[in-house]
There are 2 protein chains.
Amino acid sequence: MPQYRTLDKLDRKLLNLLQKDNQTPTRVLADKLHISQPTCLRRIRELREAGVISAEVAMVDSFALGYGMLAFLEVSLTNQADECMREFEARMNKEAEVMQCYFVSGEYDYFLVVHVIDMDAYYQFVRRAISGSGNVRHFHSRFPMKRAKFTTRIAFDEKAAELPVRTGK
Amino acid sequence: MPQYRTLDKLDRKLLNLLQKDNQTPTRVLADKLHISQPTCLRRIRELREAGVISAEVAMVDSFALGYGMLAFLEVSLTNQADECMREFEARMNKEAEVMQCYFVSGEYDYFLVVHVIDMDAYYQFVRRAISGSGNVRHFHSRFPMKRAKFTTRIAFDEKAAELPVRTGK
DNA sequence: GCTGAAATCACACATTA
DNA sequence: TAATGTGTGATTTCAGC
């Protein structure tokens with residue numbers, strides 16, 4: 001049963017900052033928000049515990065490094081029974097090459113963003129994880145030529161009133 | 001002029017760990033890699049300075065929180081001159097709602113992933129940033145019903161030989 | 001929000017290969 | 001000579017008040 005919690009202005013300012021850089025000392029964040037360092041730290045801990053902050057990670061821009069390639073892969077299943085869809089999603093969650101997986105409406109059922117080292121690795125991936133999976137009717141690949149933007153940052157409105165969100169606990 | 005650098009096994013193990021959680025104390029990371037804490041920290045700093053680690057951020061899973069919605073937006077430009085494309089990409093980089101922007105081949109020129117609070121905000125965004133931009137011939141929206149997977153983690157092979165990458169400095 | 005103890009970070013230097 | 005490990009002081013985190 002999901003519980004609810006609200007994010008006040010302080011929480012949202014904090015989230016906006018931490019989504020840019022989570023290595024900033026709490027002392028510095030506290031100064032920017034005009035609060036004390038312990039208060040700042042407590043807020044951060046609460047956001048973590050509530051699951052509002054879902055992960056804290058280092059990001060590698062593999063394209064800036066000239067490492068790897070990307071593919072868009074659209075997939076339609078032979079069987080759209082709930083269990084089959086769950087099973088497909090669970091499998092995609094296990095595949096390291098699958099960066100993103102969306103359930104979509106239209107000609108295909110799923111839209112995937114796949115990261116692989118090279119075209120041969122992509123071929124191997126498709127044969128193993130997609131066409132060899134038993135529940136795929138057909139699929140279609142596209143290859144983006146350039147990633148012009150990629151961010152995980154959600155801009156929270158720092159002026160609006162309290163914002164209610166669902167938490168996991 | 002890009003310079004090159006290689007990632008050895010230690011670097012790749014470190015990247016695999018930091019991409020999961022960058023809040024782990026260097027002492028703990030060092031133990032896992034069987035190296036000393038200063039060596040571990042030095043490696044991390046070098047990966048940062050070389051730009052291999054492009055960002056260190058907190059992630060907010062807005063869908064788990066029941067906050068916001070996603071749209072796929074395909075756009076084709078009226079003018080595909082290099083300058084027009086640059087200008088479009090620069091504009092998308094400024095728009096907070098645009099999470100991802102890819103240059104693709106096919107019917108459309110760009111594929112965007114857009115995050116907004118609600119459908120009205122999406123309408124406002126499209127009118128302002130897309131159809132009102134002066135260089136868009138036509139566009140098409142799709143709305144994914146579920147995000148079944150989202151990760152920024154690239155799995156580096158910890159067994160392979162030295163891996164050459166491009167660095168910014 | 002403040003203070004102090006514990007942990008972590010980050011440096012200079014010695015050591016090894 | 002370049003990279004790793006050791007020891008130590010400065011910062012930061014974090015609990016109790």
Side-chain angles (χ1 to χ4, degrees), chain A residues 5-60 65 67 153 156 158 162 167-169, chain B residues 1-60 153 156-169:
Chain A
R5 174 204 158 85
T6 55
L7 302 176
D8 64 15
K9 288 179 194 183
L10 226 48
D11 289 322
R12 291 191 303 253
K13 282 186 185 176
L14 208 41
L15 287 173
N16 284 342
L17 291 171
L18 290 173
Q19 284 185 108
K20 274 188 223 167
D21 180 6
N22 73 342
Q23 296 291 83
T24 317
T26 52
R27 170 92 213 119
V28 177
L29 294 172
D31 286 348
K32 287 189 184 178
L33 302 185
H34 307 295
I35 55 176
S36 74
Q37 179 271 328
T39 302
C40 182
L41 184 58
R42 184 173 19 223
R43 290 287 188 133
I44 295 174
R45 198 171 45 220
E46 283 167 4
L47 289 169
R48 281 183 190 136
E49 284 168 3
V52 175
I53 293 175
S54 59
E56 290 166 277
V57 302
M59 295 221 291
V60 176
L65 301 181
Y67 173 73
R153 193 152 97 231
F156 286 100
E158 297 183 358
E162 304 252 305
T167 66
K169 305 188 179 171
Chain B
M1 182 186 292
Q3 292 190 338
Y4 288 85
R5 172 201 161 85
T6 55
L7 302 176
D8 63 14
K9 288 179 193 183
L10 227 47
D11 290 321
R12 292 189 305 252
K13 282 185 185 176
L14 208 41
L15 287 173
N16 283 342
L17 291 170
L18 290 173
Q19 285 185 108
K20 274 187 225 169
D21 180 6
N22 73 342
Q23 296 291 84
T24 318
T26 52
R27 172 82 235 152
V28 177
L29 294 173
D31 287 348
K32 286 189 185 180
L33 302 185
H34 308 294
I35 57 176
S36 72
Q37 178 267 328
T39 301
C40 182
L41 183 58
R42 182 165 37 224
R43 291 287 189 131
I44 294 174
R45 197 174 50 218
E46 285 167 2
L47 289 169
R48 280 182 190 136
E49 284 169 2
V52 175
I53 293 175
S54 59
E56 291 167 276
V57 303
M59 296 222 292
V60 176
R153 195 153 96 231
F156 286 99
D157 186 346
E158 297 181 359
K159 289 168 193 162
E162 304 251 305
L163 176 70
V165 294
R166 205 160 54 213
T167 68
K169 303 186 179 169

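Below, chains carry the letters A, B, ... as their sequence lines are ordered, and counting in each starts from 1.
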Roughly, in whole Å, what's the span from [atom1] in [X] to [atom2] in [N]?
| X | N | atom1 | atom2 | answer |
| --- | --- | --- | --- | --- |
| Glu46(A) | dT13(D) | CD | C1' | 16 Å |
| Leu10(B) | dA3(D) | CG | P | 13 Å |
| Ile44(B) | dT4(D) | CD1 | C1' | 15 Å |
| Asn22(A) | dT12(D) | CG | P | 16 Å |

Value rounded to 0.5 Å, distance of CG in Leu10(A) from CD in Glu158(A) | 10.0 Å
Calculate, to the nearest 0.5 Å, the distance between atoms OG1 and CZ belonging to Thr26(A) and Arg42(A) respectively.
-> 12.0 Å
Of all of residues 23-42 of chain B, which get a heavy atom below 4.0 angstrom from DNA chain D, listed by number?
-> Ile35(B), Ser36(B), Pro38(B), Thr39(B), Arg42(B)
So, does Ser54(A) use its side chain to make a donor-acceptor pair with the main chain of Met59(B) at under 3.5 Å?
-> yes
With distance as the sole test, does Arg12(A) use its side chain to make a donor-acceptor pair with the main-chain N or O of Leu7(A) at under 3.5 Å?
-> yes
Taking any atom under 4.0 angstrom from a heavy atom of chain A, which nucleotides of DNA chain C are the first and last to qualify, 5' to 3'?
-> dG1(C) to dT3(C)
Over all heavy atoms of both residues, which pair between Leu29(A) and Cys40(A) is shortest? Give the atoms and the distance, please.
-> CB-SG, 3.7 Å
If you look at every heavy atom in Leu65(A) and Gly51(B), which pair is closest and at what distance?
-> CD2-O, 4.2 Å
Salt bridge or not for Arg43(A) and Asp11(A), using N-O below 4.0 Å?
-> yes
Using the side chain to side chain contact (heavy atoms under 4.5 Å, CB included) rule, pick out the option among Leu18(B), Thr39(B), Leu15(B) that qualifies with Ile44(B).
-> Leu18(B)
Ignoring backbone atoms, establish whether Arg43(A) has a side-chain N or O less than 4.0 Å from OP1 or OP2 of dC14(D).
-> no
